[in-house]
Number of protein chains: 2
Amino acid sequence: MGIADDMRANGMRMTVQRRLVLDVLRRARHHTTAEDISRSIRASHPQIDPSTVYRNLEALERLGYVTHTHLDDRVTRWRRSDSPQHGHLVCRKCGSEEDIPMQILEPLAKRLRGEHGFRADLAHSAVVGLCRECAS
Amino acid sequence: MGIADDMRANGMRMTVQRRLVLDVLRRARHHTTAEDISRSIRASHPQIDPSTVYRNLEALERLGYVTHTHLDDRVTRWRRSDSPQHGHLVCRKCGSEEDIPMQILEPLAKRLRGEHGFRADLAHSAVVGLCRECAS
DNA sequence: AAGGTTATCGCAACTGTTCGCAATAGTCGG
DNA sequence: CCGACTATTGCGAACAGTTGCGATAACCTT
Ligand SMILES: [Mn+2]
Ligand SMILES: [Mn+2]
Ligand SMILES: [Zn+2]
Ligand SMILES: [Zn+2]
């Protein structure tokens with residue numbers, strides 16, 4: 001059962017707009033902004049509105065096909081859920097960004113689960129701070 | 001040396017607008033949004049523009065008098081730096097919010113410092129996830 | 001293959017926040 | 001205290017993202 005069938009089983013429809021959003025995210029190497037996706041789609045389909053892209057990212061996230069992450073403060077970044085999960089360190093001074101394996105974050109997740117019954121998604125927001133070069 | 005002198009020593013000026021922002025934050029019990037601050041100030045000083053509030057929050061942050069935190073996704077929340085620091089757990093399903101002591105986050109901060117030379121500010125963004133009731 | 005239902009669309013108006021600019025008003029030295 | 005310097009202001013426009021709405025088209029039933 002493919003994505004289209006799965007969506008129909010949930011009362012949703014597979015539209016050309018949705019297929020295009022998934023296509024762009026499949027080709028993207030890293031996290032992508034909604035604006036990037038919209039621009040990329042509009043290159044070949046100028047009539048497709050940015051608001052449709054925003055709404056579809058949310059719809060696809062509800063079904064679990066895409067997720068978002070917050071790297072810097074303002075812009076939300078999207079990826080397909082089937083791409084590998086990882087954490088981020090972002091320097092608030094120089095803006096540099098480093099990916100980190102989830103296992104570094106695991107002990108904290110386990111502790112929050114045990115002490116607060118809280119299932120943390122520690123990949124959802126980047127860890128903000130000062131990188132080695134900027135901390136001096 | 002008070003805040004005003006400190007600001008002047010840094011080439012900044014102490015204006016009525018800045019004093020009002022600090023006053024509102026001093027009276028506020030919890031994290032406050034820029035919009036709240038602006039509305040509160042405009043009640044008595046209608047001529048003060050929201051853009052001035054936004055700019056002043058950034059200016060005061062640069063000197064270390066206020067900090068901001070991201071709880072849910074879009075809205076930035078502000079507090080005076082001299083109010084007690086703490087972390088947050090936010091449930092992505094029901095929206096509930098729980099404060100947690102910084103010491104829970106300390107082991108991760110220490111590890112990031114040791115293994116990556118990264119000085120993490122783990123109070124900057126809330127930890128997103130599922131609370132006990134919503135975990136299904 | 002056709003028709004009806006309604007999820008989704010494009011568009012335009014709207015939100016919260018940022019930015020450029022000319023006018024204002026803190027600050028400092030005399 | 002005054003005047004000069006310039007950081008900061010209010011304002012208008014721009015910005016990314018959201019929302020309401022009537023038109024369109026996906027898809028289910030026959
Ligand atoms: Mn931030
Ligand atoms: Mn988020
Ligand atoms: Zn750095
Ligand atoms: Zn919950």
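Below, chains carry the letters A, B, ... as their sequence lines are ordered, and counting in each starts from 1.
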*asked:* For A:Arg80, give me all partners under side chain to side chain donor-acceptor pair (under 3.5 Å), at least two apart in sequence or on another chain.
replied: A:Asp82
*asked:* Measure CZ/B:Arg18 against C1'/D:dT8 and give the value in whole Å, please.
replied: 7 Å
*Does the side chain of B:Arg27 come within less than 4.5 Å of B:Asp23's, by heavy atoms?*
yes
*Side-chain N or O of A:Thr52 closer than 4.0 Å to phosphate OP1/OP2 of C:dT8*: no
*Find the distance B:Asp49:CG to C:dC19:P and express it as a whole number of Å.*
15 Å
*Using a cut-off of strictly less than 4.0 Å between a heavy atom of the residue and any atom of DNA chain C, enumerate the qualifying residues of residues 21-47 of chain A by number.*
A:Gln47
*Atom CD1 of B:Ile48 to atom P of D:dT8: distance rounded to whole Å?*
15 Å
*Mind listing the residues from residues 53-61 of chain B sitting with a heavy atom below 4.0 Å of DNA chain D? Number order is fine.*
B:Arg55, B:Asn56
*asked:* List the residues meeting side chain to side chain donor-acceptor pair (under 3.5 Å) with B:Tyr54, not counting sequence neighbours, and say none if there are none.
replied: none
What side-chain donor-acceptor pairs closer than 3.5 Å can you find for residues 107-119 of chain A, not counting sequence neighbours?
| from | atom 1 | to | atom 2 | distance (Å) |
| --- | --- | --- | --- | --- |
| A:Arg111 | NE | A:Glu115 | OE2 | 2.8 |

_Atom-to-atom span, CG of B:Leu20 to P of C:dG26 - whole angstrom_ = 12 Å
*Check side chain to side chain donor-acceptor pair (under 3.5 Å) between B:Asn10 and all other residues, then give those that pass, not counting sequence neighbours.*
none
*Just how far, in rounded Å, is P of C:dA7 from CD of A:Gln17?*
16 Å
_Minimal non-hydrogen separation, B:Val127 against A:Ala120, with atom names_ = CG1-CB, 3.5 Å
_Whole angstroms only, please: what is the NE2-C1' distance between A:His70 and D:dG17?_
13 Å
*Taking only residues two or more places apart in sequence or in another chain, which ones pass side chain to side chain donor-acceptor pair (under 3.5 Å) with A:Glu98?*
none
_Does atom CD (A:Gln47) have a neighbourhood of more than 12 heavy atoms from anything else shown, all under 6.0 Å?_
yes
_Shortest non-hydrogen contact from B:Ala126 toward A:Ser125_ = O-OG, 4.3 Å
_Partners meeting salt bridge (charged side-chain N to carboxylate O under 4.0 Å, His left out) with B:Glu61 (sequence neighbours left out)_ = none
*Are side-chain heavy atoms of A:His124 and A:His68 found at a separation under 4.5 Å?*
yes
*asked:* Any residue in residues 7-14 of chain A with a heavy atom nearer than 4.0 angstrom to DNA chain D? Just list them by number, or reply none.
replied: A:Arg8, A:Arg13, A:Met14
*Who are the ring-ring contact (aromatic ring centres under 6.0 Å, His included) partners of A:His86, not counting sequence neighbours?*
A:His31, A:His88
*Rounded (10°) bend between the five-pair end axes of the helix from C:dA1-D:dT30 to C:dG30-D:dC1*: 30°
*Considering only Ile, Leu, Val, Met, Phe, Trp and Tyr, and joining two whenever side-chain heavy atoms are under 4.5 Å apart, list the other residues clustered with B:Met14.*
B:Ile3, B:Met7, B:Met12, B:Leu20, B:Val21, B:Leu22, B:Val24, B:Leu25, B:Ile37, B:Ile41, B:Ile48, B:Val53, B:Leu57, B:Leu60, B:Leu63, B:Tyr65, B:Val66, B:Trp78
_So A:Ser51, base contact, sugar-phosphate only, or nothing? Heavy-atom distance under 4.0 Å._
base
